[in-house]
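Here's the structure, in structure tokens; my notes come after.
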Amino acid sequence: MGSQVVQTLRQGVWASLTGGWYHNPEQNKFNNSCHLYLWMFLLMLPLSLNLVSDTMPIYCTSVTVFFIVIKMVNYRLHLMFNQGDIVAQNSVPDISKDPKSVVPFIDFIVILQCPQSISSGIDVNSYTEENDPAELKVDVDGFLQIPAVYMRWTLSGRSHARGLSIDSGRDAVLISHRAKDKLGTMTSSKSDLEAKEGQIPNESNFVEFVSLLESINSTRFGGGNEAEKENEERNGEPEATSKEEAYTFHTVHSEYSGQTTMTDTTVVHYVQCHIYLVFVHFTQNVIFSHNIYSPFEGLNISHAQEEDSLDELSETSTQEKPSRKLYYKLKVFPGKWVNILYDRLTLIALLDRNEDMTENMVAVFLAFLVAFLGFVLLNEGCFKDIWVFQFCLVIASCQYSLLKRVQPDAASPTHGHNQIVIYSRAAYFCMFCGLIWILEIVLRTPDLPVMFEKLQMDIHVVKLDVDLIFTGFTYCFPVTFLLGLFPQINTFVIYFLEQIDMHFFGGTAATGLPSAAYCIVRSLIALSLLYGFCLGALKEPWDEQHIPALFSGFCALLVVLSYHLSRQSSDPSVFFSLIKSKLMPSLGHGEEEEEEISAESTDPLQEKLRGSVKEILLSDLVVCILASVLTFAITASTVFLSLRPFVSIVLYALAATVGFVTHYLIPQLRKHHPWLWISHPVLKSKEYSQFEPREDAHLMWFERLYVGLLTFEKYIVYPAIVLSALTNDGFALIAGMKLLRASFCNPSYQFFTLIFTIIFFEFDCSSASETFLLNFFLMSIVFNKLWDLLHKLHFILLYIAPWQIAWGSAFHAFAQPFAVPHILTIYFAMLLLQTFITTLFYTPLSPFLGSAIFITSYPRPVKFWERNYNTKRIDNSNSRLVSQVDKETGCDDNNLNSIFYEYLTRSLQHSICGDLMLGRWGNYCAGDCFILASDYLNVLVHLIEVGNGLVTFQLRGLEFRGTYCQQREVEAITEGVEEDDSCCCCEPGHLPHVLSCNAAFNLRWLAWEVTTTKYLLEGYSISENNAATMLQVYDLRKLLITYYLKSIIYYLVISPKLQIWVKDQSMQEALQSYTKWHHIEKDPAVFSMKIDEDYVHCLQGVTRASYCNVYLEWIQYCANKLKEPVDSDEDSPLVTLCFALSVLGRRSLSTAAHNRSNSLESFLYGFNTLFKGDFRIAAKDEWVFADMDLLQTAVAPAVRMSLKLHQGHFTSLEETEEPAVLYEAISNYRTSLVICHESDPAWRRAVLSSRDTLLTLRHMVDEGVDEYMLYKRHLIFKVIKINKECVRGLWAGQQQELIFLRNRNPERGSIQNSKQAL
């Protein structure tokens, strides 16, 4: 804990204050010194040059050149590492003086050239550049004789050779036989090595060098001989009896194999191979290496083991220990390079890596801009005395962050390296300094703009306020970034553009940076089109009897464009995709083949989205034409001029009445607890009294009334109010477009704003009143902020209530007692100030580590989840084969359960917009958060964009069933308050259909509220059974094996390749042993009397006769169902093939169960292994490799079908007795049921394509094996509306705690025991 605090203070707090510089004790002195001197240079350069006049060009040029050099060198070094040109040099002093005097030792290359068909099973197919020499001779013991003709010796360097890697990158071992009459005992001491210096290996001393290498190798690998002997004994191969009789040549594996060199070896013998030993001149150390040129893959693989010192061989050595260094070749000029002794990790620790030249250019440009703007303000005299040093410190921190980032950054939404947050400090510095510079220039001009004169502001007061605000923020940059008050720059751009579009143009929320830019651009285009008509209408004459046609055209265009913009999504990707597919279909011709190949795995969602966009465009075309005609006719009729002000009063009253009934009265009557006093809904749906609805939700009369009133309000009342205000009061282009777009998109809170506008400007501040549209425009912004303020205050008050304060961690025991006394004093005043400021800037307030102390986070857009949190589903299509074979692919619950959330998302895409318009979720607006809770899963639905007929939402899956958090959520949601009879400390009871006083009080102190209790959504009901319980008894396991074998027969018979398999001569020859009636399969690890129906106890195995006695009737019944007759008597090839497959299937199950089928746990593990498609074929069953379709179409589906038959056995006992019933059951399951493992891509396709019934088997390490049966039906959810400021604040607090404070505790106290926040 203490080390983590120190690390946070060092890397988080101090690095945030300095811009990224801190002393890292884990790094070397060079890196720490470079960091310190870089930071000091960036700090002292502007501070010292500021003392001299006219030094801005020098400073800017120096900084720019400095950054160009650093970025270019950094970029070139990373390119050097990518190329990987390595030069190995040794540090022995006398090598450089006289390299020829150094006596070489051996670096050998082993090349195998063998025929393609090799009896040992190792396929080595290679060739050499020279002519092949004579073949090797094999002695009587099977060992290779190595004549001297194969020895090549070169003093010039490494010889190239070609060959294939052997045994998947393991060590290849060649055993050479030593002639007993020629060789003696070999020594391996260092004195022997020194004595042999200067000798060249030849025919006479070759074996001595070989023995020397072997002894060195055994010392290097430490006990390698024992591993070799064990491997030889395990493989049943002959082994050498002594060290002198076996010489081991180790070749290290390729560096591309992704594994380390293994000490266990594989003995290659009984193979006629051409072996070349190429001796390479080297130093005192022995280097083992090989070059492999694969003729199949074209790889040139070169690898050298890390050398060891020969000093290990003798303790009496006094010679200097040589060290081998790896140098990278840095190309300076064509054909010229320098050697660099460095590595990539050290370079990354020194300087941040920029991926491409664009990032380097951006960093250099920002560094120049920071230097230029900072020095401009210094020359302008904006900073005096000690503040000059503070400002230079800010400049240094901004420039240093471009070289070495702050990690972790308080505003970073992701762990680790964040490429975007690097530019945040410099970008914000440029923005603030640019504003200060511009305002200084503007405020010094003698002629002020009109707005300053009208508002009668003193220029000195303005200048003082501007200097105080902007320069104060600039001074506080280190503290500001430490507290994380500024988001990363892309988040800020999204937030800024989104706020402008929402508050000024009536737009909706954005889903990203392209979306925000697209929304602003389209709003500006619409505004420019309207501006031309507005300007033309102003020049026309006006009177009560005549309205200019241009004005009527302007009104019609305003209504049409507002309606069309309200119907379009902020994400332009689907719209552009539709244009590309319709107008430029030729671009997709090249991808037709790929689309045909992946037709089954294609997601139909994109096509549905394009279809919906196309329907919206066609509908808008018709509606816009009709709306423009009607609007033009109404505005040209002078009805608003002749009947004023009566028309305006009637429209205001009508809007207030309809809005009150539609958006307040009806939603309150439909809530689970209307006004938090009534115990049940007043307006109930038909499904409210049903236990398990089986049909779609019934459309009630009050829902029809709600839709009718909403349509009347959106398309008649508010357009009439805007047209009347435009006709009577004058042109307010932006205000009119915003009011219309907001009314078309979501008029839920428009009537509140309208009533407040009329009351405030007619009675309270009539002197400040402008035109109605301007008043309404200003009040809509104010009212939006008031709603946010109300949500924040509600969240704060219920979170810091003394009886609801959380005590979930040790920090709470320290923080909560200090926070409670200050809630009503100074802290509460500061909290109110924070609340007002955060409401103004749409910034969340987050509880620090879950305590009652609130801190301000950085501004966020409506889509406050900056990262993409989509769960990457892991299945057999995107995972490595080794993970599918050796591990449980996707064994994580979150990954396996993600498909249910994905399907729930697809269901919501079809129904959420209509259900919102029917009022089934209550009142809503952009940014609202809802929780859908059921028995199995809970999801958080976040509404981002609410348009006219479209909704963009995010769905985040919460904990699945079985977790602690899910249990706490369900307990809080399902806690019944209707039975509560208490009032304070007594229980007097309550009135009928009314909640008690305590229940009503507690409901008001929750950040969430149940709006709907029976919300129907199409989904899957999960029926879970424990397979361990169903297979505990041996008789049930025997039944499963029987179903397994019968399913093999069924799938084999119905296969279209049955005739080919039966008539295949090679397969019949391989199955010759199975045709004999006396053949016995008696493997005790595979067959057992307890689980095999055809087991013969006296023979201790299974025979063809016993197999036919049990399964012949079923084979003949299945064969008789075929259209083409197949011989199915006892001696037929069909019965032979069925018998062989039954043995293969059971042996595969035993192998997967580690030959412990009698154990329930091993049996379940083996069955699950076969269920997911992992078959380990024994040597006796290799005949099946003649056609792999036997496994894929017969055995694999039989495993899965047997599970369903075994499950159905408990309800349909006759399936095991009657062949007709069993055959019909298998046929029905085969067509109507999807049975596969969850890691199979077919499982995801089946779920997303809404198949009715699915079955899978899930093996969990802790909980055993479970069967999951999915039935498609209507799921019942509770719709819970949660305070959106509560969600935003808690999310910001969790992000800061996880990323900046690095709390890795998954059950941290900040998210526990907060029932009021759910």
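Values below: all heavy atoms of this structure, side chains included; hydrogens, waters and symmetry mates excluded. Since we're looking at a predicted model, the values are computed, not measured.
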Check your understanding: Using 30° and 60° as the class limits, which term best fits the ring planes of Phe744 and Tyr563: parallel, tilted or perpendicular?
Key -> perpendicular
Review point. Can Glu498 and Thr508 be said to form a side-chain contact (heavy atoms from CB on, under 4.5 Å), step by step?
Key: CA-CA 8 Å; Glu498 181 187 76; Thr508 54; over 6 Å; no
Check your understanding: Hey, does Leu943 have a side-chain heavy atom less than 4.5 Å from the side chain of Tyr924?
Key -> yes
Review point. With under 30° as parallel and over 60° as perpendicular, where do the rings of Phe783 and Trp787 fit, or are they tilted in between?
Key: perpendicular
**Study point:** Residue pair Glu1018 / Ser907, side-chain donor-acceptor N/O under 3.5 Å
**Key:** no
Check your understanding: Passes side-chain hydrogen bond (donor to acceptor under 3.5 Å, both in side chains), Ser769 versus Asn775? Steps please.
Key -> CA-CA 7 Å; Ser769 176; Asn775 295 339; 2.9 Å; yes
Exercise for review: With Arg1288 as the cation and Tyr842 as the aromatic partner, state whether NZ or CZ is under 6.0 Å from the six-membered ring centre and within 45° of the axis.
Suggested key: yes
Check your understanding: Just wondering, are more than 12 heavy atoms of other shown residues or ligands nearer than 6.0 Å to NZ in Lys614?
Key -> no
**Study point:** Positive for salt bridge (Lys or Arg N to Asp or Glu O under 4.0 Å) with Glu1009, one of Arg1004, Lys1281, Lys671
**Key:** Lys671
Check your understanding: Are Lys863 and Glu945 close enough, and set up right, to give a salt bridge (charged side-chain N to carboxylate O under 4.0 Å, His left out), and what steps lead you there?
Key -> CA-CA 9 Å; Lys863 179 182 174 292; Glu945 178 187 9; over 6 Å; no
Check your understanding: Would a 4.5 Å heavy-atom cut-off, applied to side chains only, mark Tyr715 and Asn948 as touching?
Key -> yes
Practice item. Begin with the C-alpha distance, continue with both residues' side-chain angles, and end with the deciding distance and a verdict on side-chain contact (heavy atoms from CB on, under 4.5 Å) for Phe533 and Phe551. Key: CA-CA 7 Å; Phe533 282 86; Phe551 176 76; over 6 Å; no
Check your understanding: Does any non-hydrogen side-chain atom of Val574 lie less than 4.5 Å from one of Ser569?
Key -> no
Point to revise | Phe953 vs Phe930, side-chain contact (heavy atoms from CB on, under 4.5 Å): CA-CA, chis, key distance, verdict | key: CA-CA 11 Å; Phe953 67 94; Phe930 296 86; over 6 Å; no
Review point. Short question: side chain of Thr657, backbone of Leu654 - any donor-acceptor pair under 3.5 Å?
Key: no
Review point. If we only count heavy atoms from C-beta on, is the Gln668 to Val682 side-chain gap below 4.5 Å?
Key: no
Review point. Do the side-chain N and O atoms of Ser570 and Ser515 include a donor-acceptor pair separated by under 3.5 angstrom?
Key: yes
Point to revise | Min side-chain heavy-atom separation Tyr799-Trp1005 under 4.5 Å | key: no
Check your understanding: Are Phe1277 and Tyr1015 near enough that their ring centres are under 6.0 Å apart?
Key -> no
Point to revise | Residue Phe640 excluded, over 12 heavy atoms near CZ under 6.0 Å | key: yes
**Study point:** No-hydrogen, no-angle side-chain donor-acceptor test under 3.5 Å, Lys792 and Asn1283
**Key:** no
Check your understanding: Taking atom OH of Tyr688 as the centre, does the number of heavy atoms from other residues, nucleotides or ligands within less than 6.0 Å exceed 12?
Key -> yes
Point to revise | Non-hydrogen side-chain atoms of Ser648 and Phe772 separated by less than 4.5 Å | key: no
Review point. With a 3.5 Å cut-off and no angle check, do the side chains of Glu713 and His663 form a donor-acceptor pair?
Key: yes
**Study point:** Heavy-atom side-chain proximity of Leu524 to Phe505 below 4.5 angstrom
**Key:** yes
Check your understanding: Out of Lys1014, Glu687, His698, His1274, which one pairs with Pro693 under the side-chain contact (heavy atoms from CB on, under 4.5 Å) rule?
Key -> Glu687
Check your understanding: Under the side-chain contact (heavy atoms from CB on, under 4.5 Å) criterion, do Thr1012 and His672 qualify, and how do the steps go?
Key -> CA-CA 6 Å; Thr1012 305; His672 184 53; over 6 Å; no
Check your understanding: CZ of Phe504: more than 12 outside heavy atoms within 6.0 angstrom?
Key -> no
Review point. Quick one: is the NZ or CZ of Arg860 closer than 6.0 Å to the six-membered ring centre of Tyr858, and within 45° of its axis?
Key: yes
Revision key, fill the gap. When every non-hydrogen atom of Ile678 is compared with those of His993, the smallest separation belongs to CG2-O, 3.4 Å
**Study point:** Side-chain donor-acceptor contact under 3.5 Å, Asn938 with Ser934
**Key:** no
Point to revise | Side chain Thr491, main chain Pro487, donor-acceptor under 3.5 Å | key: no
Point to revise | Phe777 six-ring centre to Lys738 NZ/CZ under 6.0 Å and within 45° of normal | key: yes
Check your understanding: Any side-chain heavy atom of Ser846 within less than 4.5 Å of one from Leu1290?
Key -> no
**Study point:** Arg670 and Glu703: CA distance, side-chain angles, deciding distance, salt bridge (charged side-chain N to carboxylate O under 4.0 Å, His left out) verdict
**Key:** CA-CA 10 Å; Arg670 296 180 64 178; Glu703 293 178 343; 3.1 Å; yes
**Study point:** Side-chain donor/acceptor of Thr662 to backbone N/O of Gly659, under 3.5 Å
**Key:** no
Review point. Do the side chain of Thr839 and the main chain of Asp788 share a donor and acceptor less than 3.5 angstrom apart?
Key: no
